[in-house]
K.L.:
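First, the structure itself, so that you have it in front of you.
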There are 2 protein chains.
Amino acid sequence: MDRIEAMRAFIHVVQEGTFTRAAERLDTSPQLVSKYVSQLEQHLGLRLLNRTTRRIHLTEAGNRYYQGAQQVLTDIDDMESQLGDLHTRAQGVLRISAPVSFAMHHLPPLLSAFQKAHPAVTIDLQLNDRKVDIVEEGFDVALRIGHLKSSSLIAKRIAPIRVVLCASPDYLKQHGTPTTPEDLIDHHYLHYTYMDMDSIKPIQKTLLSIGHDNRGIVSNNGDVLVATAMEGAGIVLQPTFISGAAIREGKLRIILREYEPEPIALYAVYAHRQLLASKVRSFIDFIDGFFGDPPYWDRFE
Amino acid sequence: MDRIEAMRAFIHVVQEGTFTRAAERLDTSPQLVSKYVSQLEQHLGLRLLNRTTRRIHLTEAGNRYYQGAQQVLTDIDDMESQLGDLHTRAQGVLRISAPVSFAMHHLPPLLSAFQKAHPAVTIDLQLNDRKVDIVEEGFDVALRIGHLKSSSLIAKRIAPIRVVLCASPDYLKQHGTPTTPEDLIDHHYLHYTYMDMDSIKPIQKTLLSIGHDNRGIVSNNGDVLVATAMEGAGIVLQPTFISGAAIREGKLRIILREYEPEPIALYAVYAHRQLLASKVRSFIDFIDGFFGDPPYWDRFE
DNA sequence: GTCGACAATCAACGATTCGTTGATAATAAA
DNA sequence: TTTATTATCAACGAATCGTTGATTGTCGAC
């Protein structure tokens, strides 16, 4: 028995004064209304209505139940309509996890525009380069860069991420421009410790061997490495969303372009495809296409 | 879908942190709990829980719904347990309709005793000799005297009601004691206007003819007629619950005893047999047998 | 009074849903 | 890796739901 429907039926009977009219209101049959009320009485173990075929009178218990049930139903309706708003309008707190460097370079304009479009959404942006568990840590959505292994999560591809080798013109003039991966052996390499090596296989071996030589600089922050490369300290392998501006301005130059690995991608990762809160859905829609195709940071040539 | 059960399932999942433990608590299967929560989400149109196979986290919507649902469920439980009390303990207002004379003569001791046995019951006793509609006028129980025609109401027989012809010894000495119904023609008859003539057929004809002669007194109150008969004003046909005391004391003498009509009865009439509020059930049980068998007012010989 | 109209309930019948069982996918622990 | 645990899916029989037609009881009109 659906107690809520039964309560609704009972309340309508009381208000309309008759089973038949209540049934019309509820758009069902008098028989069903009668059944509901009977079941309700059975469940409660006492009579709610004294009824002849013509008229209806509330029992004392019925009177109390009527008031209580009315309250309960309005509570439920209020609650659900409130949730309905949550569903249709984007509102509430949107918790986002994102990689540090990418967020610092490219999220501010997006966040600003999104906030303007959805004023009722409060954004909580947590920057972190480790792989967070979005369910465990309560994130609505996480931005991730790389090749994602399959999981129960949904990963929507937002933009391609090119990773290029580059160095400053000064450095290249001084040490020569490599034309094959093997040429890299003689160079300074600015090594990024979090780099996902799976995604750049073609030149992986060479770079690793360089890394082992410890000739160069190691950091877990790409921005520092790129800036250092601009100073002429060596060759750096970094995504173009960091190095793109310097390349466009001529402060860095791409090398071994024909060995550039297949682009990896930026993904928006979230927990499910259906029954998504509107704030999440809106954010995914918003970020998808925001950066252009190709993304604006890749327009340096 | 039973939304209430679904809400209960959801709440237990949140509290226990796991579908399986919630299922144990609810004494059902994890599959069913999962189904319930899914249905709830489907109904609301949004996700309440972010779940991996190992852990569970509340969505923002889920958090709100959790609090609301918890409130709703406790409200319902409170309401129902309150009604449960109403059902098991006798309490509340008990509205009784009763015939005027019977109530004045024989209800006070019963009411007093009942009140002592069920202190939480407030009695509202309405005296009325017309046939009230207990549903229409909101009575819990009506006491009625007579032969009841069948109806949708339940009528429980409480006691036999003997109706006897009697007169004072003085009157009989003066006018003679009738030995056949035909003898009554020459007598004064104290006529009760509400008397149910169907129940006293054997002497009905004679009495009616006397009534038409208008020789005697007419009243709608049996007590007045009996008291008048005790003064020697004539013959009266009244139930023994009025005349019994006078007969026992020798102030009235029964006549035409062999023509005494079949006893009619006192009935407790109420609306239904099942799902009776405890106060009504208690009262019916209480009055049944209270007057003895035969009733104490008939113990005059 | 007798008849007709209306209201609630009862009975019975498909169609649907419910709740169980077994299997599957995914993750954490060992 | 393997094992154990967890949530979900699929499918089946059983129970319930909601409809239809008939029944009972009550009111109003002639």
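Small disclaimer: the values here were computed from a predicted structure and weren't measured. Naming: A, B, ... by sequence-line order, numbering from 1 per chain.
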K.L.:
Closest approach to the side chain of B/S29, judged atom by atom: which nucleotide of D/dC17, C/dT21, D/dG18 is it?
P.N.:
C/dT21
K.L.:
Of the nucleotides C/dT9, C/dT20, D/dT19, which one has an atom closest to the side chain of B/L32?
P.N.:
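The answer is C/dT20, which lies nearest to the side chain.
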K.L.:
Show the nearest heavy-atom pair for residues B/R64 and A/L83, with the distance to one decimal.
P.N.:
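Shortest heavy-atom contact: CB-CD2, 4.1 Å.
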K.L.:
Assign a letter to each nucleotide of nucleotides 10-15 of chain D from its 5' end: B, base within under 4.0 Å of a protein heavy atom; S, sugar-phosphate only; -, no contact.
P.N.:
-B----
K.L.:
Note down the inter-axis angle between the two ends of the helix from C/dG1-D/dC30 to C/dA30-D/dT1, five pairs each, to the nearest 10°.
P.N.:
30°
K.L.:
Phosphate oxygens OP1/OP2 of D/dT8: is one of them under 4.0 Å from a side-chain N or O of B/S34?
P.N.:
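Yes, because at least one side-chain N or O of B/S34 sits under 4.0 Å from OP1 or OP2 of D/dT8.
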K.L.:
Checking contacts here: which listed nucleotide (C/dT21, C/dA8, D/dA7) is nearest the side-chain heavy atoms of A/F19?
P.N.:
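Given the options C/dT21, C/dA8, D/dA7, the side chain of A/F19 is closest to C/dA8.
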K.L.:
Quick one: are B/E60 and A/K279 in side-chain contact, heavy atoms under 4.5 Å?
P.N.:
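Counting from C-beta outward, B/E60 and A/K279 do come under 4.5 Å.
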K.L.:
Can you name the nearest heavy-atom pair linking A/A98 to A/L125, along with the distance?
P.N.:
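Smallest heavy-atom distance, with atoms named: CB-CD1, 4.0 Å.
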K.L.:
Walk me through it: do A/I123 and A/I96 pass the test side chain to side chain contact (heavy atoms under 4.5 Å, CB included)?
P.N.:
CA-CA 7 Å; A/I123 293 173; A/I96 308 171; 3.9 Å; yes
K.L.:
Cation over ring, B/R95 on B/F139, under 6.0 Å and within 45°?
P.N.:
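Yes, a cation-pi geometry.
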K.L.:
Which is more 5' along DNA chain D, the nucleotide nearest B/D133 or the one nearest B/T20? Just name the residue.
P.N.:
B/T20
K.L.:
Starting at CD of B/Q39 and ending at P of D/dA7, how long is that distance when rounded to a whole Å?
P.N.:
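Result: 17 Å.
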K.L.:
Can you classify the ring geometry of A/Y66 versus A/F10 as parallel (below 30°), tilted (30 to 60°) or perpendicular (above 60°)?
P.N.:
perpendicular
K.L.:
I need the OH-P distance between A/Y36 and D/dT16, as an integer number of Å.
P.N.:
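Result: 14 Å.
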